[in-house]
Amino acid sequence: MSIRAPAVPTSPSRSSLVARAFGVLGDPVGHSRSPAMHGAAFEALGLPHRYFAFHVTPAALPAALAGARALGLGGLNLTVPHKRAAVPSMDELTPAAARIGAVNAVCIEDGRLRGDNTDGVGFLAGLRELGDAVPRRAVVLGSGGAARAVVDALVHEAGAQVRWVSRRPATLPTGPWTSVGYPELAAWLPWADLLVQATTVGMHGGPTAFPVAVEVQRLPAEARVVDLVYPAPAVGLLADAADRGLPTQDGRPMLLWQGVRALEQWLAMSLSPEVVQAMRDAIT
Ligand SMILES: NC(=O)c1ccc[n+]([C@@H]2O[C@H](COP(=O)([O-])OP(=O)(O)OC[C@H]3O[C@@H](n4cnc5c(N)ncnc54)[C@H](OP(=O)(O)O)[C@@H]3O)[C@@H](O)[C@H]2O)c1
């Protein structure tokens with residue numbers, strides 16, 4: 001007897017044809033590309049929904065989430081600085097959100113808030129655009145929310161070994177990875193088949209240099225290099241890696257796929273390649 005997986009709809013249900021409001025909460029939030037990305041998806045799907053950027057200060061976050069629950073919003077994204085702070089306001093967390101200790105996507109069903117973290121699975125989906133190989137040995141720079149989601153996905157979804165690099169490695173959470181300081185980075189690069197830059201270095205208005213030079217020439221010839229900052233700065237890590245002929249990617253594929261995975265939950269359907277392309281075009 002064969003067991004068939006339940007079919008996931010690829011077109012909106014009748015109930016999802018009623019206009020609903022979605023949004024992202026952040027402080028600041030004006031830079032967010034999520035409204036354009038999700039708006040493009042709704043248009044491609046022929047849905048009347050709207051997606052808004054809400055400027056919410058940290059002090060107002062609990063009230064904003066309670067309001068979303070009361071209003072029955074279709075779904076929410078959370079961005080800086082709310083991903084960790086929102087955890088206590090959730091009625092329920094997915095396993096990934098509980099492990100990471102941060103929420104970037106909220107499902108609102110029957111007045112309950114379910115906090116998920118789609119950053120990690122979004123990262124892995126984006127990485128597949130850079131090659132099919134499953135990462136086995138990854139070096140991850142940074143200890144913020146993005147790095148935590150990436151390390152969680154690499155360990156728990158991909159089964160990779162991880163060397164996790166921070167300026168203060170003693171402050172990293174303990175788990176099935178090895179915490180490493182920048183002085184040890186050069187020694188681990190020849191070991192890695194994946195380097196992920198998940199710090200704010202190179203971000204608009206962020207720091208411009210790492211504590212030590214990241215010597216991409218030490219990486220193996222087949223290693224992939226991903227910088228979560230988007231768009232990638234013209235000079236720096238990704239440019240150096242590309243000069244060396246390594247496959248490189250900036251943060252846009254992760255941004256795209258974390259959004260796709262969130263929207264699929266909110267709409268209870270699988271998004272077609274055409275809808276995903278419309279979302280990609282909106283953030284390119
Ligand atoms: N593509 C996407 O979808 C996506 C999603 C989320 C975030 N991001 C990007 O990922 C980056 C990190 O975001 P986040 O939310 O994790 O930020 P965050 O929580 O502020 O963490 C940033 C980390 O950067 C490290 N850092 C800061 N200054 C540094 C320096 N001079 N040298 C080395 N490390 C430094 C710090 O790690 P240590 O103190 O441990 O060294 C810190 O934990 C940002 O550029 C953000 O735009 C992209």
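Side chains are part of it too, since the values below use all heavy atoms of this structure and drop only hydrogens, waters and symmetry mates. Quick note: residue numbers are just sequence positions, from 1. In listed order, ligands and their atoms are each counted from 1.
- With a 4.0 Å heavy-atom cut-off, ligand 1 is reached by no atom of R252.
- Considering only heavy atoms from C-beta on, D27 comes within 4.5 Å of P81 through its side chain.
- Between the choices G122, G259, G144, the shortest heavy-atom distance to atom 18 (P) of ligand 1 belongs to G144.
- Counting heavy atoms closer than 4.0 Å to ligand 1, residue P207 contributes side-chain atoms (C-beta onward) but none from N, CA, C or O.
- Of the listed options G202, G142, A146, S34, A146 places a heavy atom closest to atom 16 (O) of ligand 1.
- Among V226, T199, V229, V201, the residue whose heavy atom lies nearest to atom 11 (C) of ligand 1 is T199.
- The proximity of M203 to ligand 1, defined as any non-hydrogen pair under 4.0 Å, is limited to the side chain.
- The shortest separation from a heavy atom of Y182 to ligand 1 is under 4.0 Å, placing the residue in contact.
- The nearest protein atom to atom 20 (O) of ligand 1, hydrogens excluded, is given as T200 CG2, 4.1 Å; this is a heavy-atom distance.
- With hydrogens and angles ignored, the 3.5 Å screen pairs a side-chain donor or acceptor of R224 with a backbone N or O of A133.
- Per-residue contacts place R168 under 4.0 angstrom from the following atoms of ligand 1 (heavy atoms of the residue considered): 39 (O).
- Heavy atoms of A209 come nearer than 4.0 angstrom to ligand 1 in at least one pair.
- Residue contact check: P211 has heavy atoms under 4.0 Å from atoms 32 (N), 33 (C) of ligand 1.
- For the pair R112 and E109, the salt-bridge criterion is not met [side-chain N within less than 4.0 Å of a carboxylate O].
- At a 4.0 Å heavy-atom cut-off, ligand 1 does not touch T171 at all.
- Between L141 and the choices L185, D227, V196, the side-chain contact (heavy atoms from CB on, under 4.5 Å) rule is met once, by L185.
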